[in-house]
4 protein chains.
Amino acid sequence: MTDFNEKQIEILQVAEQLFAEKGFDGTSVRDIAKIANINVAMISYYFGSKEKLLEALVLYRISSFKLELENLNQENISPIQKMEKLIEFYIKRINKNKCIYQILHFEISSKKRDIDLATFTKAKNENLRLIENIVKEGQQQGLFQKNINVPLLPTIIMGSYLQFQMNAVYYKELLGLHSEAAFENYVLNDLTLHIQKTIKALLVYEN
Amino acid sequence: MTDFNEKQIEILQVAEQLFAEKGFDGTSVRDIAKIANINVAMISYYFGSKEKLLEALVLYRISSFKLELENLNQENISPIQKMEKLIEFYIKRINKNKCIYQILHFEISSKKRDIDLATFTKAKNENLRLIENIVKEGQQQGLFQKNINVPLLPTIIMGSYLQFQMNAVYYKELLGLHSEAAFENYVLNDLTLHIQKTIKALLVYEN
Amino acid sequence: MTDFNEKQIEILQVAEQLFAEKGFDGTSVRDIAKIANINVAMISYYFGSKEKLLEALVLYRISSFKLELENLNQENISPIQKMEKLIEFYIKRINKNKCIYQILHFEISSKKRDIDLATFTKAKNENLRLIENIVKEGQQQGLFQKNINVPLLPTIIMGSYLQFQMNAVYYKELLGLHSEAAFENYVLNDLTLHIQKTIKALLVYEN
Amino acid sequence: MTDFNEKQIEILQVAEQLFAEKGFDGTSVRDIAKIANINVAMISYYFGSKEKLLEALVLYRISSFKLELENLNQENISPIQKMEKLIEFYIKRINKNKCIYQILHFEISSKKRDIDLATFTKAKNENLRLIENIVKEGQQQGLFQKNINVPLLPTIIMGSYLQFQMNAVYYKELLGLHSEAAFENYVLNDLTLHIQKTIKALLVYEN
DNA sequence: GATGAATGAGTGTTCATTCAT
DNA sequence: AATGAATGAACACTCATTCAT
């Protein structure tokens, strides 16, 4: 299903970066072709159209979205530690694929684009169920509060991360993160820690 | 400075909606002209160019961004209540202006667009200072923890809200919010409450 | 007939300069209006249209084209001196009105423009007759050759002058005329002298 | 460098004629496309832009501007005959390329257009040197006067020719040249002869 | 008499896509 | 299988002009 040849993959990678940088409409197939060092016609030839290229890109990236955390529940650690691990893992993965997340973030919300996001939705649902299980376990152990709005937990994690990324310029200035590495480091440490603390507090604190 | 006539305001309103729906690049001046029921040339005539229309729109909306919460600090309520009020007020206002926030959210992150966002950044900074004051007060009263990453607090609030909005379709399905009113209601009640609880927990809970 | 009010004359003067600099098509009524510090609508209001503005300009300038050399023939000087005087006077006048000449030079040759050039043609014919008379006088006195192609005499004068003007940049470089004044000076002295010598030689020299 | 394909050449030819007829600004790419029977986009596709089309046209025509008169100096004829030959050859060539000359004539003088005219200037300079050599030879042989303003000699030739061409309508009427052929014939015979006589007289006649 | 507001037509250019090879 | 050539449609924008006031 997702068997792309070498050149197709190169196109997808270039497209991913450009779509993330300049948006779908802000990117022309010529831009992609030039950077990918291929003929303009190749995009239509390989993917059918620019829109289908986006769909292919989403498919290409989303297919690997399955959380490799299935065994998290079996691990012999506390629900709190599970949640910490999940958040860390989650942010790491989003961060590694931030381009496609950024694209999806916008093109999903765009009403006119009707990409088939079944896979993405499914991944989100699986993720949600994983969280749900951890929460339930914590509640059963009397560690977490009862009235937790579980569906909004991923919203906080994802939302905070994306908000930080989207305002990178602002935060770089504000927090004195003057290199790309410093920024990356802040995301994977401070921001991650902050989100972990936030979620933990929400789960544990009687409110 | 921001004295637009009736027709200019109509154009701005149409543009705001379309830019939010389909993005800046995804919206043509012809689209705007058609819906605003004006001649295409009017946009250049009134605003100079499409880009300047966006700038005018940002100016038009941002000029009213001053938090009317200046007196919040003087109120005789606990820091926790202050934070609750601030979050509620904040979300209400973002929600009322969600179109422009959505536009900014995207166009800010787009590297090529160089809108003058001094006003916006200033508003963000003022907002941050307001939060900072509340946190300090809470800390002095021994209510809040010491090690709070204040700059990331707005990130959680704004991020969670926007994440929810950007994935409206997903959440409507997930949470059974089948009307626009139900969704709106959920945002202003459940989501707001959830974010309030989250922030409070983070501030209060020893972690 | 050529009674223009103050504002109309200002418009005409601005238009003259811009048309000469950038051509008729290269000049927009907005350019003119901006420099003349008037409303755009004024041009249509006063002159009917941009084309009619050109016509008015031609009329305005051409009406004063009558050679004030009518009494040249009566002067008690040799035909050679008459010719010298005529050339000097001729170049001086063209040079003073070089803008309109440049415009006419181009717009006349342009096939689509159908300006009424009766006055201009008349002036050219009168000028030609004047030359013809001098030549005849010179021939009767045995000073000039018999086989002079009189209609081509103004061609040499006008052509040489205009060629020099149109290639001002090239000649400034070639002849080291680094200021506007130096160029002007060269035209009124060296170039004039050169054309005088040329015409005289042609008239006198047996060839 | 100047390797244009068949269609590009056709576009260049159409553009040349239209630019000469109606000026650069007076000609739209749609005019060109319509007559050349091609798509409007082809002009941008082939040449990049309308301005670059003009540049390409200049390049295309100018590259063949080298005078094939290099061996004129070696010929065993008098300087007078050399000058006659040069003028005849010169006018013939200008006349054959009158369109591009007409275009250059105007677009050069237009201050805003900054075409690279190095080649053209070089050709003019080479031409000037050729004339200079003939004049020197004539002076050494005692045939020509000493005080000849050589740089203004091409001005007379070129200027007279162009003045005649630009006022074709006037001269056709004046000289009774009622067909294109008659006009062409007049240029290549009478006008050429007249210019030859003029230059010769100027060179030889003590003045 | 004079003008700001407004407009339809036209500008050069870029777009994603198609097609013959 | 792959591509250079080509295209119609759309793009943002400027144009000269009109018209209500």
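Throughout, protein chains are lettered first and strands after them, A, B, ... in sequence-line order, and every chain is numbered starting at 1.
Between F:dT3, E:dG12, E:dG4, one nucleotide has an atom nearer to the side chain of D:Lys50 than all others, and that is E:dG12. Proximity note for A:Tyr45 (side chain, C-beta onward) versus F:dA1, E:dT7, F:dG8: the nearest is F:dA1. When distances are taken from the side chain of A:Val40 to each of F:dT14, E:dT18, E:dT17, the shortest belongs to E:dT17.
The side chain of C:Asn39 contributes no N or O atom lying less than 4.0 Å from OP1 or OP2 of E:dA2. Distances shorter than 4.0 Å separate none of the side-chain N or O atoms of C:Tyr46 from OP1 or OP2 on E:dG1.
If you measure from atom CD1 of D:Ile38 to atom C1' of E:dT13, you get 14 Å, rounded to the nearest angstrom. Look at CG on C:Asn37: it is 11 Å from P on E:dG4, rounded to the nearest Å. Remark: P of E:dC15 and CG of B:Asp25 are 11 Å apart, rounded to the nearest angstrom. The CE-C1' distance, from B:Met42 to E:dA5, rounds to 7 Å in whole Å.
Taken residue by residue, residues 28-36 of chain D places heavy atoms nearer than 4.0 Å to DNA chain E at D:Ser28, D:Val29, D:Arg30. Contacts between residues 7-20 of chain A and DNA chain E, defined by a heavy-atom separation under 4.0 Å, are absent.
Within the cation-pi definition used here (under 6.0 Å to the ring centroid, within 45° of the axis), A:Lys52 does not qualify as a partner of A:Tyr46.
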Practice problem: Whenever both distances are under 3.5 Å in a Watson-Crick or G-U wobble pair, mark it; put DNA chain E into dot-bracket that way, with [ ] for crossing pairs and | when the partner is on another strand. | Solution: .||||||||||||||||||||
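Within the nucleic acid shown, A:Phe47 has no heavy atom closer than 4.0 Å to any nucleic acid atom.
The two residues D:Lys50 and D:Val29 come nearest to each other via the heavy atoms CG-CG1, 3.8 Å.
Between B:Phe4 and B:Phe47, the ring planes lie tilted relative to each other; the angle falls in the 30° to 60° range.
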